[in-house]
Amino acid sequence: MTSDTTARPMIGTDLAADMVAQAAVRAKKLQDETGVQPCLATVLVGDDPASATYVRMKQNRSKKAGIGSVSVVLPAETTTDELVAELTRLSNDPTVHGILLQHPVPEQIDERAAFEAIAPAKDVDGVTMHSFAAMAFGEPGFRSCTPGGILRLLQAYDVPLSGAHAVVIGRSPILGKPAGMLLLASNATVTYTHSRTQDLPALVRQADIVVAAVGKPNFVRGEWLKPGAVVIDAGYNEGNVGDVHAEEVARVASLLTPVPGGVGPMTIALLLEQTVDAAEAQTANR
Ligand code: NAP
């Protein structure tokens, strides 16, 4: 960012650290009281280096929070049936409390079928239709981690949501769609936009809150924004570049998440928090 920036950065790092610290306290309490250590199973299919890095990061953070992890790595040529069988096995394993299937999976796999093989009680990444329905209805349940993290960040920075106009750029099942659902459940007026949307800048200009989840570096430009808009950059592209043009946007927005250090840490923090939630619920139901 340049010296003439005006937007206040919405830092996720500290808030995420607090969330992880609280999850660690709860994990220890559960283990002390019941002998059960919360355990997250990560499933990685194929050898995409970025996905492998994300999974490793999630395992390392779990360890630091006193959460156990089980790592399943499957070859790139894994079939849908084989992946479903593995996820079903983990869903039935009483020592596993949460399951994360790293997205994206190789092309030959039916990702929706794979996600649906995750037991709803262990869907700590919020990817099943069950969790999506809970988000859509505004009911309690596991949140998709990145959208759930975004909402926590907005709340922590006291961004008024009720009645605000939120424009979500992107409609992926793990990010854009649930982000819009959670904003709607918080009484925002939500406009979804995607690759077929016409005149995107005109829609973005109406937004009090912009969520950029596009997967294109520097995509959202400063001149698209209404002055004072709150901008959430959920994107992560090679070289620590987000989906918004940070330098331009910072001159117009009131709040802007940095990349890195904005949305990213919140995603992992919510994953760990929800893994402890799952372990507590499953232990109470034993
Ligand atoms: P995705 O599955 O590729 O979805 C991208 C979305 O952007 C799609 O809905 C697509 O529309 C839309 N889009 C593409 N071109 C567009 C255009 N010209 N105008 C408007 N919309 C357009 O990506 P994703 O998984 O949601 O990820 C989005 C970004 O978030 C990426 O940068 C990714 O790295 C990042 N991400 C970050 C985290 C984190 O923890 N921080 C987690 C996940 C993802 P269609 O539906 O019409 O194709």
Side-chain angles (χ1 to χ4, degrees), residues 10-13 15-16 19-20 42 44 48-58 60-61 100-107 109 111-112 114-115 124-127 132 135 143-154 166-183 190-207 210-221 224-225 231-246 249 256-274:
M10 294 176 87
I11 311 285
T13 322
L15 183 57
M19 286 167 66
V20 173
T42 59
L44 174 65
D48 174 54
S51 292
T53 304
Y54 290 139
V55 167
R56 221 175 14 253
M57 257 161 62
K58 288 165 187 171
N60 290 341
R61 299 280 165 78
L100 168 107
L101 169 61
Q102 184 63 39
H103 161 93
V105 292
E107 259 180 17
I109 290 175
E111 187 173 71
R112 179 50 39 205
F115 280 151
V124 294
D125 201 26
V127 293
F132 187 80
M135 287 184 276
R143 281 16 192 161
S144 302
C145 287
T146 305
I150 289 170
L151 264 285
R152 295 283 280 270
L153 205 45
L154 287 166
V167 172
V168 181
I169 313 175
R171 56 171 169 180
S172 77
I174 61 150
L175 220 175
K177 250 180 216 157
M181 283 296 153
L182 292 176
L183 287 161
V190 178
T191 300
Y192 279 106
T193 64
H194 47 78
S195 66
R196 323 284 162 85
T197 296
Q198 293 183 17
D199 201 357
L200 180 63
L203 291 167
V204 171
R205 206 159 288 124
Q206 297 171 23
V210 179
V211 178
V214 198
K216 291 188 182 321
N218 297 320
F219 181 76
V220 176
R221 309 305 300 248
W224 296 7
L225 298 169
V231 180
I232 302 292
D233 188 351
Y236 185 78
N237 306 286
E238 220 180 301
N240 281 341
V241 178
D243 285 353
V244 314
H245 194 298
V249 165
L256 168 65
T257 57
V259 176
V263 172
M266 297 298 292
T267 301
I268 300 188
L270 195 61
L271 177 73
L272 301 186
E273 186 182 287
Q274 294 194 144

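Just so it is clear, the values below take in all heavy atoms, side chains as well, and ignore hydrogens, waters and symmetry mates. Residues: numbered from 1 along the sequence shown. Every number for a ligand or one of its atoms is a count from 1 in the order of the listing.
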- request: Only one of Leu256, Val263, Leu154, Val231 passes side-chain contact (heavy atoms from CB on, under 4.5 Å) with Met10; say which it is.
  value: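 So the option named by the test is Leu154.
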
Considering only non-hydrogen protein atoms, determine which one is nearest to [atom] and report residue, atom name and distance to 0.1 Å.
atom	value
atom 31 (C) of ligand 1	Gly215 CA, 3.4 Å
atom 32 (O) of ligand 1	Tyr236 N, 3.0 Å
atom 13 (N) of ligand 1	Val214 CG1, 3.7 Å
atom 42 (C) of ligand 1	Thr146 OG1, 3.3 Å
atom 27 (O) of ligand 1	Leu175 CD1, 3.9 Å
atom 37 (C) of ligand 1	Ala234 O, 3.0 Å
atom 26 (O) of ligand 1	Ser172 OG, 2.5 Å
atom 12 (C) of ligand 1	Gly170 CA, 3.9 Å

What part of [X], side chain, backbone, both or neither, has a heavy atom within less than 4.0 angstrom of ligand 1?
X	value
Ile174	side chain
Ser195	both
Thr197	neither
Thr267	side chain

With heavy-atom distances below 4.5 Å as the criterion, would you say the side chains of [X] and [Y] are in contact?
X	Y	value
Thr13	Pro265	yes
Met135	Pro147	no
Pro201	Arg221	no
Tyr54	Tyr236	yes
Val220	Ile169	yes

Distance under 4.0 Å to a non-hydrogen atom of [X]: what atoms of ligand 1 satisfy this?
X	answer
Lys216	15 (N)
Gly235	29 (C), 30 (O), 32 (O), 35 (C)
Gly264	41 (N)
Asp243	29 (C), 32 (O)

- prompt: At the 4.0 Å heavy-atom cut-off, does Phe219 count as touching ligand 1?
  reply: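 Distance cut 4.0 Å: Phe219 passes for ligand 1.
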
query: Which heavy atom of Ile174 sits nearest a heavy atom of Ser144, and at what distance?
result: O-CB, 3.9 Å

Test side chain to side chain contact (heavy atoms under 4.5 Å, CB included) applied to Val249 and Val210, step by step: CA-CA 11 Å; Val249 165; Val210 179; over 6 Å; no

How long is the gap from [atom1] on [X] to [atom2] on [Y], to the nearest 0.5 Å?
X	Y	atom1	atom2	result
Asn237	Asp243	CG	CG	5.0 Å
Arg152	Arg143	CZ	CZ	10.0 Å
Leu200	Trp224	CG	CH2	4.5 Å

- request: Compare His103, His194, Lys177, Arg171 and give the one whose heavy atom is closest to atom 21 (N) of ligand 1.
  value: His194

